[in-house]
There are 2 protein chains.
Amino acid sequence: MEEKSKQILSDNKVSVTNPRILVLEALLEIKSPITIDELQSKLKNKVAKSTLYRVLNDLKNINILNEFTSPDNTVVVELVLEGDQHHHHLFCSDCGEIIDVELSQNFEDLLNKEIKKIEKKFNFIIEDHRVEMFGQCTDQCENCKK
Amino acid sequence: MEEKSKQILSDNKVSVTNPRILVLEALLEIKSPITIDELQSKLKNKVAKSTLYRVLNDLKNINILNEFTSPDNTVVVELVLEGDQHHHHLFCSDCGEIIDVELSQNFEDLLNKEIKKIEKKFNFIIEDHRVEMFGQCTDQCENCKK
DNA sequence: GAATAAATGAGAATTATTCTCATTTATTTT
DNA sequence: AAAATAAATGAGAATAATTCTCATTTATTC
């Protein structure tokens with residue numbers, strides 16, 4: 001993953017530094033939403049706290065980091081690389097797990113039509129959208145061990 | 001609004017106290033998403049900071065407060081009373097304004113169908129959902145004064 | 001490889017939120 | 001309606017999350 005991380009950085013014209021490589025490697029390895037705390041412990045102090053925040057900010061700036069909050073307002077990040085499937089999130093209130101969910105193409109088309117109406121109605125340019133779903137896993141969630 | 005606030009509190013079986021009335025009045029008066037900071041200045045120190053957080057928590061517990069975060073992760077709250085229309089949010093990245101948006105009934109029906117599919121697929125019980133839209137207002141936004 | 005510019009680490013500063021506890025206020029009991 | 005009890009509040013301390021500062025290190029350019 002180190003090579004891929006370097007590639008991503010140089011492709012995006014940001015300097016290739018160790019902390020950036022380490023953070024990218026960690027994010028590439030899990031490839032699913034993770035809190036800053038989790039990311040920090042995954043990095044085992046190999047990157048200073050302040051640097052971690054700076055690197056995450058860099059990744060946001062080059063548009064490969066998606067940042068949002070879980071229902072308890074904890075910040076969560078995930079890598080979104082070019083070509084990755086557009087997806088949404090499902091939150092389990094029992095165990096806190098966050099699951100990537102792809103909605104059907106048909107539905108996304110309809111959502112985009114709906115968004116066009118909203119743009120007109122409110123005189124907005126809408127660049128992005130998010131669908132979040134909240135509930136509880138029943139028997140398949142690893143964390144809950146139900 | 002004071003009477004209505006008292007009514008809401010007693011209806012929900014929480015004791016009717018001054019701070020709670022004041023917070024409810026403020027939320028009823030604006031009836032649109034507001035940050036904690038904005039709410040605090042609207043209340044002009046008539047309610048202690050710690051109490052404000054406690055009261056907001058109470059309102060969450062009786063299920064009449066919707067809490068979410070704006071794209072910069074600032075916590076935003078809004079009152080959602082019984083009978084209020086289900087709605088979503090549109091965020092302006094220029095001025096930070098948050099606009100309530102109702103999607104068409106037809107679309108909501110389709111979204112609910114889509115959600116049923118997700119429930120099956122992930123063995124989840126989904127209780128709530130949220131659609132967030134991000135963009136820039138063009139010429140009608142008061143804050144931007146474009 | 002030297003010079004320049006940018007990034008980092010460590011911890012201080014700031015901000016948001018929660019907690020503590022003595023006091024006040026609301027509710028219940030009489 | 002007053003006393004007793006329980007709950008809520010205010011003030012500020014404590015904690016947590018994030019940003020900032022600045023001396024040092026590392027990457028990039030020449």
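Since this is a predicted model, take the numbers as computed values, not measurements. Only this structure's heavy atoms are used, side chains among them; waters, hydrogens and symmetry mates stay out. All chains are named by letter (A, B, ...) in the order of the sequence lines, taking the proteins before the strands, and each is independently numbered beginning at 1.
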Checklist entry - Between B/Asn73 and B/Asn18, who's closer to the 5' end of DNA chain D by nearest nucleotide? => result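 Here B/Asn18 is the residue nearer the 5' end.
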Of all the choices, [options], which nucleotide is nearest to the side chain of [X] once you look at every atom?
X: B/Arg54; options: D/dA8, D/dA11, C/dG11; answer: D/dA11
X: B/Tyr53; options: D/dG12, C/dA16, C/dT8; answer: C/dA16
X: A/Ser15; options: D/dA27, D/dA7, D/dA11; answer: D/dA27
X: B/Lys49; options: D/dA8, C/dT17, D/dA17; answer: C/dT17
X: A/Ile36; options: D/dG12, D/dT18, C/dT27; answer: D/dT18

Would you kindly give the [atom1]-to-[atom2] distance between [X] and [N], to the nearest whole Å?
X: A/Lys13; N: C/dA7; atom1: NZ; atom2: P; result: 15 Å
X: B/Asp58; N: C/dT18; atom1: CG; atom2: P; result: 12 Å
X: B/Arg20; N: C/dT25; atom1: CZ; atom2: P; result: 15 Å
X: B/Lys46; N: D/dT9; atom1: NZ; atom2: P; result: 15 Å
X: B/Asn45; N: D/dT9; atom1: CG; atom2: C1'; result: 15 Å
X: A/Leu52; N: C/dA10; atom1: CG; atom2: P; result: 14 Å
X: B/Leu9; N: D/dA8; atom1: CG; atom2: P; result: 11 Å
X: A/Leu39; N: D/dA17; atom1: CG; atom2: P; result: 14 Å

Item to check | Carboxylate-amine/guanidinium proximity below 4.0 Å for B/Lys116 and B/Glu119 | outcome: no
Item to check | Pair B/Lys42 + B/Glu38, salt bridge at N-O below 4.0 Å | outcome: no
Item to check | Watson-Crick/G-U partner (both atom distances under 3.5 Å) of C/dA22 | outcome: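 Per the H-bond distance test, D/dT9.
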Item to check | For D/dA3, the Watson-Crick or wobble partner whose two distances fall under 3.5 Å | outcome: C/dT28
Next on the checklist: For the CG atom on B/Asn45, are there more than 12 heavy atoms of other groups (residues, nucleotides or ligands in this structure) within a distance under 6.0 Å?
Outcome noted: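 Count not over threshold, so no.
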Item to check | Most 5' of B/Val14 and B/Thr74 on DNA chain C, judged by nearest nucleotide | outcome: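 With B/Val14 and B/Thr74 compared, the 5'-side residue is B/Thr74.
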Next on the checklist: Over 60° means perpendicular and under 30° means parallel, so tell me whether B/Phe91 and B/Phe68 are parallel, tilted or perpendicular.
Outcome noted: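 Geometry flag for B/Phe68 against B/Phe91: perpendicular rings.
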Next on the checklist: Taking atom types as they are modelled, would you say the side chain of B/Thr17 forms a donor-acceptor pair with the base of C/dA26 within the 3.5 Å cutoff?
Outcome noted: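 It does not, because no donor-acceptor pair links the side chain of B/Thr17 to the base of C/dA26 below 3.5 Å.
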Next on the checklist: Run the side-chain hydrogen bond (donor to acceptor under 3.5 Å, both in side chains) test on B/Glu78 and B/His87 for me, step by step, so that the C-alpha distance in whole Å, both residues' side-chain angles and the decisive distance to 0.1 Å come before the verdict.
Outcome noted: CA-CA 12 Å; B/Glu78 83 182 330; B/His87 68 271; 3.0 Å; yes
